[in-house]
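Quick caveat, the model's predicted, so the values are computed rather than measured.
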Amino acid sequence: MPEPGRWKCRSRKNNGSQSVPCGCLVGGGTFMAMQILAHAEIEQAEKVLPPVLAMPANIDIHVMRFGAPQPSCDVVDPCDDIVVAFAAEGMGRAIVNDIEIDLTQRCAVVASGGVFRVERGQAATVLAVRLPRTPMQICASVRHGGARRLMRGALALDLDRPACLAEALLAVAQGQASDEHARFLLEGIVDALAAQHGADTPFPPSRAITLARAWLDRDASGHLSHHELAGRVGITGVTLQRGFKAILGTTVTRYSQAVRLHDAQARLQCMWECRSIAEIALAAGFPSSTTFTRAYQKLFEETPTQTRIRVFRMSVPPHDNLE
């Protein structure tokens, strides 16, 4: 915990962090007021939060194949996608900002938001798999907490960690995989990048959206308005909405409702909860039990009453047949 009156600050000039008194400059450098973050608050915000985020059902994947007679080719990587390039046969290399990364069956490059050049050796075939950005950011946010955005640039990726990642990538590239395999591939890439480079390098946290997530997870009653939430994290309401949609694939309203519904479900599953469903709905910020039941059933595929009955039946020990 930081000392009272001291904050964790990042200086633009020194590019480092240190604890300094409030209102002071770090080493003569300047920093934006919105970048002054309480260390304890960020530490709390980056904890793994409840599983209220979900991967999309369908993941669009596009595959580019580079073979004879193409010795080299430029791959344009739109900002909304990522590209994973590897050599299905032989060897190749990717050139990103004058940095060369070898491409083999076990070594790939993950690039986002730019243009890189692919060169292949003789009798080699290089495959480039284009994946959507948002599902990968959702997966990184669920696994590592906060709100994680995909970096701009390129990183080498060892396909041997975790196991079967190379086979999954090749199967998806050859069109032999389903949406379930595509989700497995996304999760495998997220885990591999985090294990090989650390989570903050490929998936740096968005400060404002991470803090907004933390505020919403503590707002079980839904009393926090969008305008008030945006003011607390230091951005406008429009930027807040865009950040949630771009990074987490959902809106602020839907995320807040999912958090409150998960909290209500936990209360309904508690044997010591004596309040009625209408009282729980009101405490969760819903105007009526009808609205609450409709939203609850849509998310959990059962009504609040069915949840209580199911939990009660599971808690009652079986009785032996008496003869």
Side-chain angles (χ1 to χ4, degrees), residues 38 40-57 134-135 137-148 205-233 235 237 240-241 243-316:
E41 187 175 7
I42 287 295
E43 194 175 68
Q44 174 68 25
E46 289 186 347
K47 290 182 179 180
V48 178
L49 300 174
V52 297
L53 296 174
M55 295 278 284
T134 299
Q137 293 179 153
I138 294 174
C139 181
S141 299
V142 170
R143 274 169 154 67
H144 303 291
R148 302 276 175 165
S206 169
R207 185 200 65 84
I209 307 303
T210 295
L211 290 179
R213 266 195 83 178
W215 276 110
L216 290 176
D217 276 282
R218 293 194 291 264
D219 184 35
S221 60
H223 291 157
L224 194 62
S225 67
H226 292 185
H227 179 74
E228 185 179 1
L229 177 62
R232 291 189 180 187
V233 300
I235 57 178
L240 179 68
Q241 291 284 10
F244 262 78
K245 192 65 177 178
I247 297 176
L248 302 178
T250 187
T251 64
V252 177
T253 300
R254 290 178 180 174
Y255 183 85
S256 174
Q257 184 184 82
V259 168
R260 290 182 284 121
L261 287 172
H262 275 84
D263 183 75
Q265 184 192 48
R267 296 180 184 280
L268 290 169
Q269 291 175 340
C270 178
M271 293 299 299
W272 304 106
E273 178 60 68
C274 59
R275 289 180 296 179
S276 67
I277 292 177
E279 291 173 325
I280 292 177
L282 185 62
F286 289 87
S288 67
S289 58
T290 302
T291 305
F292 170 70
T293 299
R294 188 183 302 114
Y296 188 97
Q297 187 172 14
K298 183 178 180 181
L299 181 61
F300 300 116
E301 298 183 348
E302 65 177 6
T303 65
T305 301
Q306 290 172 334
T307 299
R308 272 196 158 162
I309 293 175
R310 174 174 53 81
V311 173
F312 175 77
R313 289 176 176 173
M314 292 175 60
S315 64
V316 176

So, for [X] and [Y], which heavy atoms are closest and what is the spacing to 0.1 Å?
X: Ile280; Y: Ala264; answer: CG2-CB, 4.0 Å
X: Asp263; Y: Ala220; answer: OD2-CB, 3.8 Å
X: Thr210; Y: Pro205; answer: OG1-CB, 4.0 Å
X: Leu261; Y: Phe300; answer: O-CE1, 3.6 Å
X: Gln269; Y: Val311; answer: O-CG1, 3.5 Å
X: Ile247; Y: Ser141; answer: CG2-OG, 4.5 Å

If you measure from [atom1] on [X] to [atom2] on [Y], what distance do you get to the nearest 0.5 Å?
X: Arg143; Y: Arg148; atom1: CZ; atom2: CZ; result: 13.0 Å
X: Leu268; Y: Arg310; atom1: CG; atom2: CZ; result: 10.0 Å
X: Glu279; Y: Cys274; atom1: CD; atom2: SG; result: 8.0 Å
X: His226; Y: Thr251; atom1: NE2; atom2: OG1; result: 7.0 Å

Full working for side-chain contact (heavy atoms from CB on, under 4.5 Å) between Arg294 and Lys298:
CA-CA 6 Å; Arg294 188 183 302 114; Lys298 183 178 180 181; 6.0 Å; no

Under 6.0 Å from the CZ atom of Arg254, do we count more than 12 heavy atoms belonging to anything else shown?
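At most 12 heavy atoms, drawn from other residues, nucleotides or ligands, come within 6.0 Å of this atom.
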
What do you reckon, is CE of Met314 surrounded by more than 12 foreign heavy atoms closer than 6.0 Å?
no

Beyond-backbone contact of Glu228 with His223, side-chain heavy atoms, under 4.5 angstrom:
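They are not in side-chain contact.
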
So, does [X] use its side chain to make a donor-acceptor pair with the main chain of [Y] at under 3.5 Å?
X: Thr303; Y: Gln297; value: no
X: Asp219; Y: Leu224; value: yes
X: Arg207; Y: Val233; value: yes
X: Arg213; Y: Gly146; value: yes
X: Ser221; Y: Gly285; value: no
X: Thr293; Y: Ser289; value: yes

May I have the step-by-step check of side-chain contact (heavy atoms from CB on, under 4.5 Å) for Tyr296 and Arg260, ending in yes or no?
CA-CA 10 Å; Tyr296 188 97; Arg260 290 182 284 121; over 6 Å; no

Among Val252, Ile235, Leu211, exactly one meets side-chain contact (heavy atoms from CB on, under 4.5 Å) together with Leu229. Which residue is that?
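So, applying the side-chain contact (heavy atoms from CB on, under 4.5 Å) to Leu229 and each of Val252, Ile235, Leu211, only Val252 qualifies.
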
I'd like to know whether Gln137 forms a side-chain contact (heavy atoms from CB on, under 4.5 Å) with Leu248, so could you lay out the CA-CA distance, the side-chain angles of the two residues, the decisive distance to 0.1 Å, and finally the verdict.
CA-CA 7 Å; Gln137 293 179 153; Leu248 302 178; over 6 Å; no

